[in-house]
Amino acid sequence: MTQEISPRDRLSLQLAEAVAEALRVDLASRERVLLVVSGGSTPVPFLRALAETPLPWSRVDVTLADERWVAESDDDSNARLIREHLLRSQARQANFVALTNAADTPEEGEAEVAGRVAALAWPASAVVLGMGGDGHTASLFPDSRELELALSTAEPVVAVSTPSQPQARISLSADRLHQSSRHFLHITGDAKRDVLGKAMTGDDMRALPIRAFLAAPLGIYWAP
Ligand SMILES: O=C(O)[C@H](O)[C@@H](O)[C@H](O)[C@H](O)COP(=O)(O)O
């Protein structure tokens with residue numbers, strides 16, 4: 001009797017297959033490739049499935065769409081999430097580039113992080129976005145004072161402060177997140193499905209920042 005796999009776990013396996021194929025295709029013609037992933041809780045089964053995929057991972061750069069400005073030892077660190085769930089098994093040789101440094105604030109650390117991000121193998125082979133219930137993606141939050149900047153700047157990263165979030169954050173800008181051959185959105189549950197549906201029926205990116213990624217091909221990976 002084969003054990004039933006949940007729709008969300010099946011979705012994670014399918015997304016891992018799609019991302020692995022994107023990397024495989026680009027690795028056939030490029031020495032190095034780049035994968036940009038999101039933090040939060042949704043990606044964990046996807047990251048763990050991707051980590052089991054045989055690839056020349058030493059030729060793969062991995063970075064984050066955004067990060068909380070906390071130590072990697074902090075439970076809220078997205079870098080900690082990547083190190084725990086992706087940089088293991090087959091993918092342990094991947095080159096992970098974090099978005100924080102020793103600066104006290106993302107504003108102080110922004111320039112150094114920007115240089116590190118800009119030096120990666122752009123355009124990315126894949127950007128995997130998540131989405132919050134407020135329609136944010138990466139750290140492009142509707143209530144962030146820096147949202148307009150993050151949606152318009154050509155700079156690779158933006159330090160953001162958001163009343164709705166407990167920590168200061170740094171985010172790849174919308175412009176930089178657009179610099180990818182493929183984009184995926186990984187969300188689950190009816191509430192996020194409804195937010196995405198609302199985002200698709202309007203164009204005000206400040207209200208629902210995910211809208212910044214609905215004008216180009218987007219692989220939507222959703223499960224109930
Ligand atoms: O740092 C983060 O929190 C993520 O990058 C963020 O953009 C995430 O994708 C959404 O907040 C959804 O998070 P969940 O998957 O936990 O709902």
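For the single chain, residues carry numbers from 1 onward in sequence order. First listed ligand is number 1; within each ligand, the first listed atom is number 1.
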* Asked: Heavy-atom contact under 4.0 Å between H186 and ligand 1?
  -> no

* Please work out which of the three classes, parallel, tilted or perpendicular, describes the rings of H183 and F213, given edges at 30° and 60°. => tilted

* To do: Using heavy-atom distances, let me know which of A138, A191, S139, S41 sits nearest atom 7 (O) of ligand 1.
  => A138

* Structure fact -> Closest to atom 9 (O) of ligand 1 among protein heavy atoms sits G130 CA, 3.4 Å

* **Nearest non-hydrogen partners of R24 and L55, listed with the distance** => NE-CD2, 3.8 Å

* Between W122 and V36, which heavy-atom pair has the shortest distance, and what is it? -> CH2-CG2, 4.0 Å

* Closer than 4.0 angstrom: is that true for some heavy atom of R68 and an atom of ligand 1? -> yes

* Candidate with minimal heavy-atom separation from atom 4 (C) of ligand 1, of T42, D66, L99 -> D66

* Structure fact -> heavy-atom search around atom 17 (O) of ligand 1 in the protein gives K192 NZ, 2.6 Å

* Check the hydrophobic clustering (I, L, V, M, F, W, Y; side-chain heavy atoms under 4.5 Å; chains of links allowed) and say if L15 and L177 are grouped together. => yes

* Between R80 and D75, does at least one N-O distance fall below 4.0 Å, as a salt bridge requires? -> yes

* Structure fact -> Looking only at protein heavy atoms, what sits closest to atom 8 (C) of ligand 1 is G39 O, 3.9 Å

* Going through the distances and angles, do S89 and E52 end up as a side chain to side chain donor-acceptor pair (under 3.5 Å)? -> CA-CA 6 Å; S89 188; E52 299 302 327; 2.8 Å; yes

* Residue portion contacting ligand 1 (non-hydrogen atoms closer than 4.0 Å) for M131 -> backbone

* Structure fact -> If we number the atoms of ligand 1 from 1 as shown, the ones under 4.0 Å from a heavy atom of R169 are 1 (O), 2 (C), 3 (O)

* **Whether F184 and Y221 hold their rings parallel, tilted or perpendicular, with breakpoints at 30° and 60°** => perpendicular

* Structure fact -> Residue, atom and distance of the protein heavy atom nearest atom 13 (O) of ligand 1 read G40 CA, 4.0 Å

* **Linked, directly or transitively: L64 and V160 (ILVMFWY side chains, under 4.5 Å)** => no

* Can you pull out the closest protein heavy atom to atom 11 (O) of ligand 1? Residue, atom name and distance to 0.1 Å, please. => H136 NE2, 2.7 Å

* **Region of N78 engaging ligand 1 - heavy atom pairs below 4.0 Å** => side chain

